[in-house]
Amino acid sequence: MPQAQISNNLAAILRELPDGVKLVAVSKFRPPEALLEAYAAGQRRFGESRADELAAKAAAMPADVEWHFIGHLQTNKVRSVVAHANIIQSIDSERLLRVVSAEAARAGRTIGIMLQVHVAAEETKTGFAPEEVEAMARLARTLPGIKTLGVMGMATNTDSAARIQADFRVIAACGVLVRDIIPDATELSMGMSGDWPYAINAGATIVRIGTSIFGQR
Ligand SMILES: *Cc1c(COP(=O)(O)O)cnc(C)c1O
């Protein structure tokens, strides 16, 4: 994609986003020049889904970038991700939650985390069932090295607006459960290129957009 296009795309999305909703530019699989173009246009939040790619890009980009890890994370990669990410949105198992906490505490830092909720029809997507979310929030509240910011989720990949809206309502309801236990955990990360206006209507505070900024992967 011609680079001026990236800043035009960003501007078009930011015009539509309500005040206070944060945009994570999902830069996975994009070359560094694409990230730098977005950075030059003022974008500071970037989303990556692989530990090695995050480490390489964090080393190449200015220090004031806020890095969000949004991919499935294996526990043997946690140390690297904890070293580079500001926020891990994709906490999808109790074991991962405990390992992230232990690694962050060991590194002497606090990392933002979000509990990923699985509602989409696709079995390939990971996360906690809505029934598990409350217990995970109770556990997260007790663990060192982490600050629970809220929940993250994905809607089913479908043309059915009704299904997408229903999925986002379930994720938002999980967010309410978490807030009852951890009042500061007010973030609701949902909405991607194809469905983010629905996510905004359902109360999203963070949207994660790749394709509409950087073009087709
Ligand atoms: C890739 C990805 C996105 C961005 O998807 P686009 O359709 O390119 O906007 C958002 N969230 C997660 C978890 C992703 O893996």
Side-chain angles (χ1 to χ4, degrees), residues 1 5-17 21-31 34-35 37-38 41 43-54 57 65-74 77-78 81 84-93 96-97 100 112-128 133 149-161 163-164 167-168 170-172 174-175 187-217:
M1 167 166 314
Q5 191 64 45
I6 291 174
S7 50
N8 290 344
N9 291 344
L10 268 172
I13 293 164
L14 291 171
R15 271 196 300 276
E16 305 276 314
L17 275 188
V21 176
K22 299 175 188 111
L23 172 62
V24 173
V26 175
S27 49
K28 63 187 184 195
F29 315 140
R30 308 294 179 174
L35 281 75
E37 176 66 20
Q43 181 64 27
R44 291 295 179 271
R45 295 185 179 89
F46 290 86
E48 290 288 335
S49 61
R50 291 189 180 172
D52 301 347
E53 200 178 336
L54 170 63
K57 285 177 174 167
V65 167
E66 182 179 287
W67 294 103
H68 291 241
F69 194 82
I70 61 170
H72 178 61
L73 177 54
Q74 289 165 325
K77 300 283 176 74
V78 166
V81 169
H84 299 293
N86 302 90
I87 296 171
I88 300 177
Q89 292 201 12
S90 45
I91 299 292
D92 59 8
S93 72
L96 180 61
L97 179 65
V100 167
I113 65 114
M114 307 184 75
L115 299 174
Q116 182 172 352
V117 186
H118 175 94
V119 297
E122 294 90 353
E123 287 188 0
T124 51
K125 290 178 180 160
T126 60
F128 298 107
V133 166
L149 303 176
V151 302
M152 181 270 250
M154 273 180 269
T156 304
N157 184 8
T158 171
D159 289 336
S160 163
R163 176 68 206 243
I164 293 168
D167 286 352
F168 284 148
V170 173
I171 299 165
C174 291
E187 302 285 3
L188 189 51
S189 172
M190 53 188 200
M192 316 190 345
S193 292
D195 58 18
W196 66 265
Y198 295 116
I200 297 291
N201 284 336
T205 65
I206 298 174
V207 292
R208 310 177 309 270
I209 299 180
T211 306
S212 295
I213 297 171
F214 297 109
Q216 288 297 333
R217 274 185 296 276

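These figures come from a predicted structure and were not determined experimentally. Ligands are counted one by one from 1 in listed order, and the atoms in each one are counted from 1 as well. Numbers here simply count residues along the sequence, with the first being 1.
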Quick test of your reading of the model: are R45 and E66 salt-bridged, counting only N-O distances below 4.0 Å? yes
Can you tell which of V117, V133, V151 makes a side-chain contact (heavy atoms from CB on, under 4.5 Å) with F128? V133
Whether the T205 and E187 side chains hold a donor-acceptor pair (N or O, under 3.5 Å, no angle test) is what I'd like checked. yes
Is any side-chain heavy atom of D195 closer than 4.5 Å to one of D167? no
So do M190 and F168 actually touch side chain to side chain, heavy atoms under 4.5 Å? yes
Using a 3.5 Å cut-off on N/O to N/O, what pairs does ligand 1 make with the protein? A line per pair would be great.
from     : atom 1 : to   : atom 2 : distance (Å)
ligand 1 : 8 (O)  : T211 : N      : 2.8
ligand 1 : 8 (O)  : T211 : OG1    : 2.6
ligand 1 : 8 (O)  : R217 : NH1    : 2.8
ligand 1 : 8 (O)  : R217 : NH2    : 3.2
ligand 1 : 9 (O)  : S193 : N      : 3.0
ligand 1 : 9 (O)  : S193 : OG     : 2.5
ligand 1 : 9 (O)  : G210 : N      : 2.8
ligand 1 : 11 (N) : R208 : NE     : 2.9
ligand 1 : 11 (N) : R208 : NH2    : 3.4
ligand 1 : 15 (O) : K28  : NZ     : 2.7

Scan K28, R30, H68, K57 and name whichever one has a side chain to side chain donor-acceptor pair (under 3.5 Å) with E48. K57
